[in-house]
Amino acid sequence: MGNDLKATKNKYSISQMTIAFVVLTVVYILRGKILFFLGPSFLNSGNGKLLQAIVSLVIALICAHFANKFAGKSFKVFIKRIEQGKVRWLTALFCVIVFILYLAKASQWVQVMHKSVMSIITILLLAVAAGLCEEFLFRDLLFNLFTKILSKRRYVLLWSAILSSICFGLAHFVNLARQDFVVTFQQVIAVTSIGLMLCTIRILTNNMWLNVIMHIAFDISPLVVTGDIIGKWSAIIVSGLWIGGISLLTIWTYNHHCLKENLK
């Protein structure tokens with residue numbers, strides 16, 4: 001891939017980017033603990049949840065800002081995005097899979113609209129906080145960190161997507177603090193495949209904003225407040241294989257296409 005991967009030279013070293021990612025991720029994870037002094041009775045009330053959502057959004061914005069700073073202050077993967085050429089048919093299939101995924105989420109959006117105004121605002125604030133911070137942490141800073149570490153590898157895009165998505169999934173084990181292991185493990189599997197999908201979108205668009213919008217849309221759900229969900233293993237595995245598999249194939253094919261274009 002050579003120099004076509006980076007839009008700008010990143011002045012931060014691998015160790016600096018790693019420390020920044022760890023610190024910002026810890027701050028983001030612990031954002032809900034900052035209001036502990038208000039007591040559980042208030043925090044579990046409608047006003048308490050809204051206040052937590054507002055604080056969560058503020059902290060998420062701060063973390064997203066510094067994540068982008070250490071990522072190189074650029075939303076781009078490439079200096080100049082290489083056209084897809086014959087890869088377009090696979091991108092079209094990928095888009096169909098993504099459309100089906102979001103079509104399945106529509107029922108949860110309807111459920112949100114039937115809640116109280118305060119609950120809707122709380123859910124939207126939490127979704128925006130997660131969409132902004134998690135995308136800039138994992139698809140911007142961490143993805144760029146892996147492209148820097150693996151810059152000599154031929155399939156640097158593929159490996160960076162895989163590793164950053166695995167880290168994205170494993171990070172959700174922190175939810176063990178408020179839900180059981182089976183629910184959390186299912187969430188880790190599902191989130192890893194979603195991470196691959198979002199990496200694919202970032203690579204194909206050579207930008208971050210569609211990622212943020214799609215992440216926010218995915219998190220607009222009544223479950224963003226409770227987090228208590230459990231599904232059938234068959235559905236989780238099949239959907240994970242479909243989403244993750246098509247994403248990996250799309251990234252590999254585009255990575256291979258980029259390599260051939262660079263040799264011309």
| task | Kindly indicate, with the supporting measurements, whether the criterion side chain to side chain contact (heavy atoms under 4.5 Å, CB included) is fulfilled by M208 and N68. | result | CA-CA 10 Å; M208 283 291 301; N68 181 244; 6.0 Å; no

| said: Between V98 and T200, is the side chain to side chain contact (heavy atoms under 4.5 Å, CB included) condition met? List the steps. | reply: CA-CA 11 Å; V98 173; T200 308; over 6 Å; no

| task | Might you work through the side chain to side chain contact (heavy atoms under 4.5 Å, CB included) test for F37 and L35, ending with a clear yes or no? | result | CA-CA 5 Å; F37 57 90; L35 299 176; 4.2 Å; yes

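In terms of the side chain to side chain contact (heavy atoms under 4.5 Å, CB included) criterion, residue partners of I120 (sequence neighbours excluded) are, by chain and number, V112, M113, K115, L124. Among residues two or more places apart in sequence or in another chain, the ring-ring contact (aromatic ring centres under 6.0 Å, His included) test is passed with F168 by F138, H172. With sequence neighbours excluded, the residues forming a side chain to side chain contact (heavy atoms under 4.5 Å, CB included) with V128 are L57, L132, I216, listed by chain and number. Residues satisfying the ring-ring contact (aromatic ring centres under 6.0 Å, His included) test with F173, not counting sequence neighbours, are none. The ring-ring contact (aromatic ring centres under 6.0 Å, His included) check on W109 picks up nothing, with sequence neighbours excluded. Applying the side-chain hydrogen bond (donor to acceptor under 3.5 Å, both in side chains) rule to S107 yields no partners; only residues at least two apart in sequence or on another chain are considered. Shown here are the ring-ring contact (aromatic ring centres under 6.0 Å, His included) partners of H65, two or more places apart in sequence or in another chain: there are none. Under the rule for a side-chain hydrogen bond (donor to acceptor under 3.5 Å, both in side chains), the partners of S116 that lie at least two apart in sequence or sit in another chain are S119.
Shortest non-hydrogen contact noted between L90 and L249 is CD2-O, 3.5 Å. Scanning all heavy atoms of the two residues, the minimum distance from T18 to I14 falls at OG1-O, 2.7 Å. Between L142 and C167, the closest heavy-atom pair is CD2-CB, 3.6 Å. The shortest non-hydrogen separation linking L204 to Y254 is CD2-CG, 4.2 Å. Summarising the geometry of L196 relative to S165, their closest heavy-atom pair is N-OG, 3.1 Å, with the distance given to 0.1 Å.
Ring orientation note: the planes of Y12 and F70 are tilted relative to one another, at an angle of 30° to 60°.
With hydrogens and angles ignored, the 3.5 Å screen pairs no side-chain donor or acceptor of N175 with any backbone N or O of T184. A side-chain donor-acceptor contact under 3.5 Å links Q52 to the backbone of L43. Using modelled atom types, one side-chain atom of Q16 and one backbone atom of S13 make a donor-acceptor pair closer than 3.5 Å. Proximity of a side-chain donor or acceptor of S193 to a complementary backbone N or O of A190 within less than 3.5 Å is detected. Within the 3.5 Å criterion, the main-chain N or O of R139 finds a donor-acceptor partner in the side chain of R202. Between the side chain of N211 and the backbone N or O of L198, at least one donor-acceptor pair lies under 3.5 Å. Looking only at distances, a side-chain donor or acceptor of N44 sits under 3.5 Å from a matching main-chain atom of P40.
Listed by first and then second residue, the salt bridge (charged side-chain N to carboxylate O under 4.0 Å, His left out) pairs that reach into residues 240-252 come to none, sequence neighbours excluded. The side chain to side chain donor-acceptor pair (under 3.5 Å) analysis of residues 23-42, with sequence neighbours excluded, yields the pairs Y28-E134, R31-S56.
Counted within 6.0 Å of CD1 on I34, heavy atoms from surrounding residues, nucleotides or ligands total 12 or fewer; the atom is thus considered open. Under a cut-off of 6.0 angstrom, the local environment of CZ in F99 is sparse, with at most 12 non-hydrogen atoms contributed by other residues, nucleotides or ligands.
Using a 4.5 Å cut-off on side-chain heavy atoms (C-beta onward), Y155 and I251 make no contact. Residues W159 and F146 form no side-chain contact, since every pair of their non-hydrogen atoms from C-beta on lies 4.5 Å or further apart. Counting heavy atoms from C-beta outward, I194 and H215 have side chains that stay 4.5 Å or more apart. At least one side-chain heavy atom of L125 sits under 4.5 Å from a side-chain heavy atom of L50. With a 4.5 Å cut-off on side-chain heavy atoms, L38 and L51 count as touching. Taking 4.5 Å as the limit, every side-chain heavy atom of I189 sits out of range of all side-chain heavy atoms of I237.
Within the hydrophobic cluster formed by Ile, Leu, Val, Met, Phe, Trp and Tyr side chains joined at under 4.5 Å, directly or through other members, V110 stands alone, with no partner residue. Its side chain within the 4.5 Å cluster rule, I29 clusters with V174 among the Ile, Leu, Val, Met, Phe, Trp and Tyr residues.
Ring centroids of F136 and F21 are separated by 6.0 Å or more, keeping the two rings apart.
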